[in-house]
Amino acid sequence: MSGQCDSTSGLTYSLATAPATPATGRPARLYLVVSNSGTVPVLCKQIVVVLPTGDLAQDLVPAGQHLLASVEPADQWSVDQLQDGVLLTLPQDETAAFPGRGTELKVVPANGESVSLTTHGLLVRVKDLRINARTGTALLRIRETVSVDNGNTWEDHQVTLSVAKYPPEEALTDDVVGNLAVHAVDTEGNPSATPVTLLKPEHRGKAVLTWTAPPDAVCEVHYDGREPARLSGQEKWQLPVTDITRDTHFRVQVTLQRSGETITHHLSTAVAVAEPVIPRLTVDKITAGGQKNLLGHQLLTVDGAVVVEKESHFYGAVYGKEATLVVADALTTSQKLSAPEIHSDRLAVADKVLVGSTDYTGMAAGDLRVRNDLTAKRLAATDKALVGSTNYSGMADGDLWIKGKATAARAHISSVLGTPTKLTGAFDHTKRQAPSNGVLLLWIRTADAYATRTIFVDINTDGAWGGTYETVAAASIDYGKTPDVWMASATVPLYAGQWYKIWQAGEGGRTDAYFFPVLAG
């Protein structure tokens, strides 16, 4: 295999043959690999491949040769094949083209629309091909119709790829050169038994290249614009490769010394990456196609952090997780910050905070002084709040530590205990949720003989509505012929939103349940 690429082409082309050194008058196969190796998306309408036909040294196949061609991925591309002298009708403008000296293969998108080659490559196969009888070098001509400005303008480029034809006695020797393949590796670095054409995320961008060549060969491996790897004197030819983050072409140049002459073979293959990484991509617009939010809008998902080198502009509402906007470090505003609710994992003031006055007389570091009412609809510290220090050692979630004085001329708490609520019909395993922090009081009593009953309180231990429940309190009465235990009670503290249920066993007696809210004036 050998290749030559026009630097002005929008796409990259590599050619492989089987056998690697085609012999004159013998069967062969051609593999053309196409992808976008640049950083700008390329739209493609069609690719036309011209194989030189005839009996001369510069021709590849005899005149009248029938070509059997196929393409991958077949669901996105189609290939039309022509023999010598057969009319080619172009579906775009319904004009006819007469192929010149050569057989044309026309590759077009299957749906008739242009395709952006950014995340997938293209493989064209030509099988059951017979090389003509003349030793020489044939040039395959490739004509592409592409656009690099999202279809505003279209350009035709031509690329030539060379194929060397050897006499059978030179091409078919025991010095086998070929079989270039890509093998994925496991967690221990061992290559897979069979070659792969797709590297999945679990492969972590690692693979092993394998090929065959004589032990006295010198091989150079080229890929991804990196410094070529040079290998020699190996019985088994292979090369581990890493950091394969996008569709990649591999080319191996094999050099042999035979009968005082230098023989060079070129091997080529490619591998696609399931989740490619493009270091630099310039686009005019990105259209989200992910799952929908509660408003019915499709989401654009970025798996990882986003860094914006210049300012960001949002022309709609900005939401964080579960409709909460979270600032992990600092929030800086050029003007006043106004919010009915303030949530902070950590609120730290290293010096002093004074509201309602400019007189710091008598204040020490860490003091919080409010000269008037301190009013907030909701001030929540979801983790820890500390004033006067930056040392959080020993603090638990929900702790509020003040290292200095806390002074307020007027501060209001409506009440410690709110109005109790009687829970009717609460003894039937019904799952309930505490409306606020509070205390659940259970009461059972009887004046009748032969009454035995127990009431139980189970609370949820993992926070989920259908999770695990555990009995934490019970109250019992046992009234025989004479009063033993004729009344009892149980008290269970609950936090806001906690799930619980009450149930009872036995007969006789009267039961009541009350919920007392705490700090809910």
Side-chain angles (χ1 to χ4, degrees), residues 1-18 20 22 28-38 40-54 58-61 65 67-74 76-84 86 88 90-92 97-110 114-118 120-127 129 131-132 136-148 153-165 222 247-251 266-270:
M1 191 286 302
S2 59
Q4 178 181 343
C5 182
D6 185 349
S7 61
T8 63
S9 64
L11 303 174
T12 303
Y13 301 85
S14 293
L15 179 68
T17 62
R29 288 172 300 192
L30 298 180
Y31 298 92
L32 179 64
V33 180
V34 187
S35 71
N36 179 8
S37 297
V40 178
V42 177
L43 291 179
C44 181
K45 280 187 177 180
Q46 68 174 17
I47 300 171
V48 177
V49 183
V50 181
L51 283 70
T53 59
Q58 62 266 33
D59 297 324
L60 182 63
V61 296
Q65 169 77 63
L67 303 178
L68 180 60
S70 61
V71 65
E72 290 290 343
Q76 299 185 41
W77 294 87
S78 63
V79 56
D80 296 328
Q81 51 192 359
L82 297 175
Q83 301 180 30
D84 281 345
V86 177
L88 172 63
L90 300 177
Q92 292 95 318
F98 292 84
R101 183 181 179 84
T103 299
E104 289 191 348
L105 294 177
K106 181 183 176 186
V107 185
V108 297
S114 58
V115 172
S116 176
L117 273 78
T118 54
H120 77 276
L122 174 66
L123 171 64
V124 181
R125 308 185 195 88
V126 182
K127 300 189 293 184
L129 178 73
I131 305 299
N132 73 1
T137 300
L139 295 180
L140 271 71
R141 298 190 305 276
I142 301 173
R143 186 171 66 252
E144 64 177 18
T145 303
V146 296
S147 172
V148 295
T153 58
W154 294 91
E155 298 179 354
D156 289 334
H157 302 137
Q158 181 165 300
V159 177
T160 57
L161 299 175
S162 61
V163 180
K165 303 172 294 176
H222 301 257
D247 297 356
T248 303
H249 282 89
F250 297 96
R251 182 173 66 87
H266 294 271
L267 310 178
S268 178
T269 190

J.: Can you tell me how far NE2 of H266 sits from OG of S14, rounded to the nearest 0.5 angstrom?
T.: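 Interatomic distance, S14 OG to H266 NE2, rounded to 0.5 Å: 11.5 Å.
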
J.: Counting N and O atoms only, with roles assigned by atom type, does the side chain of E144 sit under 3.5 Å from a partner on the main chain of G10, one being a donor and the other an acceptor?
T.: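 Between the backbone of G10 and the side chain of E144 there is a qualifying donor-acceptor contact (under 3.5 Å).
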
J.: Within a strict 4.5 Å, meaning less than it, do heavy atoms of the L32 and L140 side chains meet?
T.: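 A side-chain contact under 4.5 Å is absent here.
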
J.: Can you tell me how far the CD1 atom of I131 sits from the CG atom of D59, to the nearest 0.5 Å?
T.: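 Result: 11.5 Å between the selected atoms.
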
J.: Ignoring hydrogens, what is the shortest heavy-atom contact between G54 and N132? Give both atom names and the distance.
T.: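 Smallest heavy-atom distance, with atoms named: O-ND2, 3.1 Å.
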
J.: Would you compute the distance between atom CG of L51 and atom CG of L139 and round it to the nearest 0.5 angstrom?
T.: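 L51 CG to L139 CG: 11.5 Å, rounded to 0.5 Å.
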
J.: Nearest 0.5 Å, please: how far is CZ in R29 from NZ in K127?
T.: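 Rounded to the nearest 0.5 Å, the NZ-CZ separation comes out at 8.0 Å.
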
J.: Please report the shortest heavy-atom distance between A270 and V33, naming the atom on each side.
T.: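 Minimum heavy-atom separation between A270 and V33: CB-CG1, 3.6 Å.
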
J.: So do L11 and I47 actually touch side chain to side chain, heavy atoms under 4.5 Å?
T.: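 With C-beta onward as the side chain, the pair touches.
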
J.: Do you know which of V163, L30, L60 makes side-chain contact (heavy atoms from CB on, under 4.5 Å) with P22?
T.: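 Answer to the side-chain contact (heavy atoms from CB on, under 4.5 Å) test with P22 among V163, L30, L60: V163.
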
J.: Excluding sequence neighbours, so at least two apart, what forms side chain to side chain contact (heavy atoms under 4.5 Å, CB included) with T145?
T.: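 Side chain to side chain contact (heavy atoms under 4.5 Å, CB included) check on T145 returns K45, Q46, W154, D156.
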
J.: Side-chain contact, heavy-atom cut-off 4.5 Å: V61 with T53?
T.: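 Result yes, sub-4.5 Å side-chain heavy-atom pair found.
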
J.: To the nearest 0.5 Å, tell me how far D247 CG sits from N36 CG.
T.: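 That separation rounds to 9.5 Å.
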
J.: Report the distance from atom OH of Y31 to atom OG1 of T269, rounding to the nearest 0.5 Å.
T.: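 One gets 10.5 Å once the value is rounded to the nearest 0.5 Å.
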
J.: Minimum heavy-atom separation for V148 and V42, please, with both atom names.
T.: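 Nearest pair, atom of V148 first, then V42: CG1-CG2, 4.1 Å.
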
J.: With sequence neighbours left out, write down each residue that passes salt bridge (charged side-chain N to carboxylate O under 4.0 Å, His left out) with E72, or none if nothing qualifies.
T.: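 By the salt bridge (charged side-chain N to carboxylate O under 4.0 Å, His left out) rule, E72 matches R125.
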
J.: Does a side-chain heavy-atom distance below 4.5 Å link S35 with H249?
T.: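 In short, these two side chains touch, coming nearer than 4.5 Å.
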
J.: Tell me the closest heavy-atom pair linking T153 and S147, and the distance in Å.
T.: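 Nearest pair, atom of T153 first, then S147: O-OG, 2.7 Å.
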
